[in-house]
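What follows is a short report on a single structure.
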Number of protein chains: 2
Amino acid sequence: MATENKYTSILLAAKTLFWKYGFKRVNIEDICKQASCSKGTFYKYFPNKLELAKRVFDYVVTDSMQSLQQILQSNTQAHDKLTRMLELKLNGVHDISQEFLADFYNNPDVGIKTYIEQRTAVLSAEIMQSFVEAQQQGVFRKDLNIPFFFYISQQLSAYMHDPVVLSFFDSPEKMIMELATLLVHGIEPDTKQL
Amino acid sequence: MATENKYTSILLAAKTLFWKYGFKRVNIEDICKQASCSKGTFYKYFPNKLELAKRVFDYVVTDSMQSLQQILQSNTQAHDKLTRMLELKLNGVHDISQEFLADFYNNPDVGIKTYIEQRTAVLSAEIMQSFVEAQQQGVFRKDLNIPFFFYISQQLSAYMHDPVVLSFFDSPEKMIMELATLLVHGIEPDTKQL
DNA sequence: TTATTTTTATACGTTTTTCGTATATTTGTA
DNA sequence: TACAAATATACGAAAAACGTATAAAAATAA
């Protein structure tokens, strides 16, 4: 209970700092300070910073994956699903600090490169599967090219932080709405029927 | 010419990195990389990181001060001036990375604390003087308490990054407009006349 | 071109920071 | 009171950053 909380608070503290400053700019004592724990407690739960980063990475990936599943399986319109998906990327996996990924990825540790590649591959496969299942349930039109759509929506969501793009809208939320509306006209089963 | 450009590019690179990560998280080679120069060139123009930070601090302060002067002396309504002033703080001095200031300020270097205090005192005096002059030119009502108003507007602008406050508005820009409008009703010479 | 200056790349010894471990003390809890 | 968990702190070892020096490369001027 209490240990679970300590563990989680370290995980969350690390996530916050890694997202903000990247991997190599953050040291263990920064994390301890943020998590309000001592160094001893940290090393009780995590062997080192790299392992911590792996678990943070896993945590975020798993968390985002669950959120995505929930969205896809929720009983709402495609438009609403899409809106929430785009919002999810804004705060989730896709928004992983570039520095964090770069630092993490460029680590001389031999295993880390393949680790991320495998983990990412599994995640992509799972996401794709979720889309396929949602498609089978009639969320998207039957002949929609899922991988293509997934790629396009990812590319578009990258623009969400672009100041120039954002300047076209009153708020990021409105941009997301616009984007969702735009995409839905191509994927909504009610509008486009075979 | 070229030396001026190199010097400036280092200054701007340092500003960017300090704003993003704070003082102590950034090292010389990060700055060199960002400024596309070698370590040798860096040490040609700057004796060390602390002196660099001082000059960055000076640069930003001077730059913001000039912008403020321009705004106060521009031929526009008080409302417009105020809007632009609040926007200025959003991107300028007031928005100096908290980490940067904290790191910078907490530096064990003996001189740094008094340095910032003096520099800030001078800046405050100059800003106050600018306000007084603007008041004499009829920008604000004659009996407005300038120091009080300055303090209040600074306090309010601190809220501009508060997510909760921002949630009341569609965009930060709208919040600034609201805030300016709110304040103007108390300071606009046309509305409130003796 | 040649001479001069500027910049780069890199190696280096020194200092500082960070790592990970260990231990005594304090805190919270059956 | 006993026991487990967390803290604070000290420590040596490893890594990173500092600041200097120098030779090669690039840019600039005569």
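These figures come from a predicted structure and were not determined experimentally. Reminder, nothing fancy here: chain letters follow the sequence lines and each chain counts from 1. Below, all heavy atoms of this structure are taken into account, side chains as well, without hydrogens, waters or symmetry copies.
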For nucleotides 9-18 of chain C, tabulate all protein N/O to nucleotide N/O atom pairs closer than 3.5 Å, reporting atom names and distance.
unit_1 : atom_1 : unit_2  : atom_2 : d
C:dT18 : OP1    : A:Asn27 : ND2    : 3.0
C:dT18 : O5'    : A:Asn27 : ND2    : 3.4

Polar pairs (N or O, both sides) under 3.5 Å between protein and nucleotides 28-30 of chain C?
none

Would you say [X] and [Y] make side-chain contact, with heavy atoms under 4.5 Å?
{"X": "A:Tyr45", "Y": "A:Leu11", "answer": "no"}
{"X": "A:Arg25", "Y": "B:Asn27", "answer": "no"}
{"X": "B:Cys32", "Y": "B:Ile28", "answer": "yes"}
{"X": "A:Trp19", "Y": "A:Val60", "answer": "yes"}
{"X": "A:Val56", "Y": "A:Leu52", "answer": "yes"}

How long is the line joining [atom1] of [X] and [atom2] of [N], in whole Å?
{"X": "B:Phe42", "N": "D:dA17", "atom1": "CZ", "atom2": "C1'", "result": "12 Å"}
{"X": "A:Leu52", "N": "C:dC19", "atom1": "CG", "atom2": "C1'", "result": "14 Å"}
{"X": "A:Ile31", "N": "C:dC19", "atom1": "CD1", "atom2": "C1'", "result": "12 Å"}
{"X": "B:Lys44", "N": "D:dT22", "atom1": "NZ", "atom2": "P", "result": "17 Å"}
{"X": "B:Glu51", "N": "D:dC18", "atom1": "CD", "atom2": "P", "result": "16 Å"}
{"X": "A:Phe23", "N": "D:dA16", "atom1": "CZ", "atom2": "P", "result": "11 Å"}
{"X": "B:Lys33", "N": "C:dT8", "atom1": "NZ", "atom2": "P", "result": "15 Å"}
{"X": "A:Ile10", "N": "C:dG20", "atom1": "CD1", "atom2": "P", "result": "14 Å"}

TODO: Check for a donor-acceptor pair, side chain of A:Thr62 on one end and backbone N or O of A:Asp58 on the other, with a separation under 3.5 Å.
DONE: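 Confirmed, A:Thr62 side chain pairs with A:Asp58 backbone.
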Open item on the list: Once ring pair (Phe, Tyr, Trp, His ring centres under 6.0 Å) is applied, do any residues pair with B:Phe46, and if so which ones, sequence neighbours excluded?
Closed with: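 Checked B:Phe46 against ring pair (Phe, Tyr, Trp, His ring centres under 6.0 Å); matches are B:Tyr7, B:Phe42.
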- [ ] Verify the contact: side-chain N or O of A:Thr41 to OP1 or OP2 of D:dT7, cut-off strictly under 4.0 Å; return yes or no.
- [x] yes
Task: Distance below 4.0 Å between B:Lys6 side-chain N/O and C:dT5 OP1 or OP2 - done: no
TODO: Apply side-chain hydrogen bond (donor to acceptor under 3.5 Å, both in side chains) to A:Thr16 and list each qualifying residue two or more places apart in sequence or on a separate chain.
DONE: none
Open item on the list: Salt bridge or not between A:Lys15 and A:Asp63? Use side-chain N to carboxylate O under 4.0 Å.
Closed with: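 Salt bridge between A:Lys15 and A:Asp63, a charged N being under 4.0 Å from a carboxylate O: no.
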TODO: With the side chain of B:Tyr43 defined as its heavy atoms from C-beta on, choose the nearest nucleotide among D:dC18, C:dT8, C:dC19.
DONE: D:dC18
Task: Nucleotide nearest B:Asn48 (side chain, heavy atoms from C-beta), chosen from D:dG19, C:dG20, C:dT7 - done: D:dG19
TODO: Tell me, please, which residues at least two apart from A:Lys49 pass salt bridge (charged side-chain N to carboxylate O under 4.0 Å, His left out).
DONE: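 A:Lys49: no salt bridge (charged side-chain N to carboxylate O under 4.0 Å, His left out) contacts found.
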Open item on the list: The test is salt bridge (Lys or Arg N to Asp or Glu O under 4.0 Å); show your working for B:Glu51 and B:Arg55 and say whether it passes.
Closed with: CA-CA 6 Å; B:Glu51 180 59 31; B:Arg55 296 191 198 169; 3.0 Å; yes
Task: B:Gln34 to B:Ala13 - nearest heavy-atom pair and separation - done: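 Shortest heavy-atom contact: CG-CB, 3.3 Å.
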Open item on the list: If the helix axis at each end comes from five base pairs, how far does the helix from C:dT1-D:dA30 to C:dA30-D:dT1 deviate from straight, to 10°?
Closed with: 40°
